[in-house]
Amino acid sequence: MGTKITALSLHPHSTGYTPVRLPTPSQWTASGAIPGLFFCAVATVLLILVSISAPTWNAISFLNANGISFGVFGYTGSQVHVGYYFPTSLPDSSSSTLHDLTYALILYPIAAGLAGISVLFGLCGAGYHRSGTVFMSLTAALALLCTLIVWIISTSLFGVERERLQDNGVSASWGNATWLGLGALISLLVGFCTAACGVFGSYRRTRRF
C-alpha cells in the first residue's frame, strides 16, 4: 500500500494553507505494461541495427568473406536494394535459390516496424489504458513471427553460403547480425509473454488535484 502524500496549496483569498492529496506512486503508471514495453523496445533497437547492416553499415553483417560483409540490402560496395546476387568474385556464388532467399531479408525491417508499433502501444498502456497493452501484445506477436521466420531463413541462407565458400578454400565467418537477430527474437518472445500477462495487471486513473 503506497504512502499517501499531501501538499499545501496557498489560495490567494484564504488565510491559510489547504492540504491537497497527490496520487500515490501506484497510480502514476500502469505497471503491468512496463516489462513488455521494455523488452519490445530492446527488440526494436536490435532489429533496427540488423536492418542497417551492410552495405549501409559494414560493421554489422551476417557473413564476412574476403573482406566483403553481407547484410540485409546487399554487401560491401553494392547498391542498397531488396534482393541481391552474391558477387561473382566469390566462387560458387551464382545460385538462383540463394538469390531468391535474399528477398526474404526485407522481413527484418518489417519486424522492426512492428516492434516499434508495439512500443507505441506499450507507452499508451503504461501511461493509462489497458487496451494499449492488449495491442502491444498483438503487434509484438506479429513482430515475433516475422523475426522467427526471417531469422531461420537468414541463418540457413548464409550458413549454406559459408559452407560453399569454405569448401572452395575461402575464409568465411559469421557476422554479428545473426546474433543481434537472435537477441531480438528472444526479447520479442519475452516481451510478448510479459505483455500478455500485463493485460491482467493494475490500471488506475490518476487522480486530479
Side-chain angles (χ1 to χ4, degrees), residues 39-121 135-136 138-192:
F39 285 105
C40 287
V42 170
T44 301
V45 173
L46 294 176
L47 288 170
I48 289 175
L49 290 176
V50 174
S51 299
I52 61 173
S53 56
T56 305
W57 190 8
N58 290 321
I60 300 177
S61 63
F62 291 99
L63 182 68
N64 301 309
N66 278 2
I68 302 176
S69 299
F70 296 90
V72 171
F73 295 111
Y75 52 88
T76 303
S78 74
Q79 295 182 347
V80 176
H81 49 78
V82 179
Y84 58 88
Y85 284 100
F86 287 88
T88 55
S89 59
L90 297 177
D92 197 16
S93 299
S94 59
S95 172
S96 59
T97 301
L98 296 181
H99 166 67
D100 293 339
L101 287 176
T102 60
Y103 283 99
L105 299 178
I106 189 63
L107 287 175
Y108 272 116
I110 291 175
L114 289 171
I117 293 174
S118 72
V119 170
L120 295 179
F121 283 130
F135 284 109
M136 175 174 65
L138 293 177
T139 50
L142 291 176
L144 173 62
L145 180 61
C146 284
T147 305
L148 175 61
I149 293 173
V150 71
W151 189 81
I152 292 174
I153 291 175
S154 64
T155 303
S156 302
L157 165 64
F158 293 105
V160 169
E161 179 63 15
R162 176 173 172 268
E163 290 183 1
R164 286 189 174 190
L165 293 174
Q166 289 180 338
D167 289 342
N168 285 275
V170 177
S171 176
S173 60
W174 288 105
N176 50 12
T178 299
W179 314 120
L180 291 174
L182 179 60
L185 180 63
I186 296 173
S187 295
L188 282 172
L189 177 60
V190 178
F192 165 70

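Position 1 is the first residue of the sequence, and the numbers go up from there. No hydrogens, no waters, no symmetry mates; every other heavy atom, side chains included, goes into these values.
Take F135 and apply the ring-ring contact (aromatic ring centres under 6.0 Å, His included) test, not counting sequence neighbours, and it matches F121. Applying the ring-ring contact (aromatic ring centres under 6.0 Å, His included) rule to F158 yields the partners F62; only residues at least two apart in sequence or on another chain are considered. The side chain to side chain donor-acceptor pair (under 3.5 Å) test applied to S69 returns N64, not counting sequence neighbours.
The list of side-chain hydrogen bond (donor to acceptor under 3.5 Å, both in side chains) pairs with a residue in residues 161-179, not counting sequence neighbours, reads S93-E161. Applying the side-chain hydrogen bond (donor to acceptor under 3.5 Å, both in side chains) rule to pairs touching residues 140-156 yields Y108-S154, sequence neighbours excluded. Pairs of residues two or more places apart, or lying in two chains, never qualify as side-chain hydrogen bond (donor to acceptor under 3.5 Å, both in side chains) while including a residue from residues 181-192.
In this structure, the separation between CZ on F86 and OG on S78 is 11.0 Å, given to the nearest 0.5 Å. Separation of atoms OH (Y75) and CG (L90) is listed at 8.5 Å; rounding is to 0.5 Å. Atom CG of L185 and atom SG of C146 lie 11.5 Å apart (nearest 0.5 Å). Note that the CG atom of N58 and the OG1 atom of T76 stand 3.5 Å from one another [nearest 0.5 Å]. To the nearest 0.5 angstrom, L180 atom CG is 12.0 Å from I48 atom CD1.
Contact record, P91 with L165: O-CD2, 3.8 Å, taken as the closest heavy-atom pair.
Formation of a donor-acceptor pair under 3.5 Å by the T44 side chain with backbone atoms of A115 is found in this model. Between the T102 side chain and the Y84 main chain, a donor and an acceptor come within less than 3.5 Å of each other. The backbone N or O of V50 lies less than 3.5 Å from a partner atom in the side chain of S53, making a donor-acceptor pair.
C40 has its side chain out of reach of T139: every pair of non-hydrogen atoms, C-beta onward, lies at least 4.5 Å apart. Counting heavy atoms from C-beta outward, S89 and N66 have side chains that stay 4.5 Å or more apart. Annotation: side chain of V82 is in contact with side chain of F73 (closest heavy-atom distance under 4.5 Å). Considering only heavy atoms from C-beta on, I117 stays 4.5 Å or farther from L142 through its side chain. Side-chain contact check for L145 versus I149: some heavy-atom pair is nearer than 4.5 Å.
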Run the side chain to side chain contact (heavy atoms under 4.5 Å, CB included) check on L157 and L98 step by step: do they pass?
CA-CA 6 Å; L157 165 64; L98 296 181; 3.5 Å; yes
Side chain to side chain contact (heavy atoms under 4.5 Å, CB included) between L188 and L47, worked out:
CA-CA 10 Å; L188 282 172; L47 288 170; 4.1 Å; yes
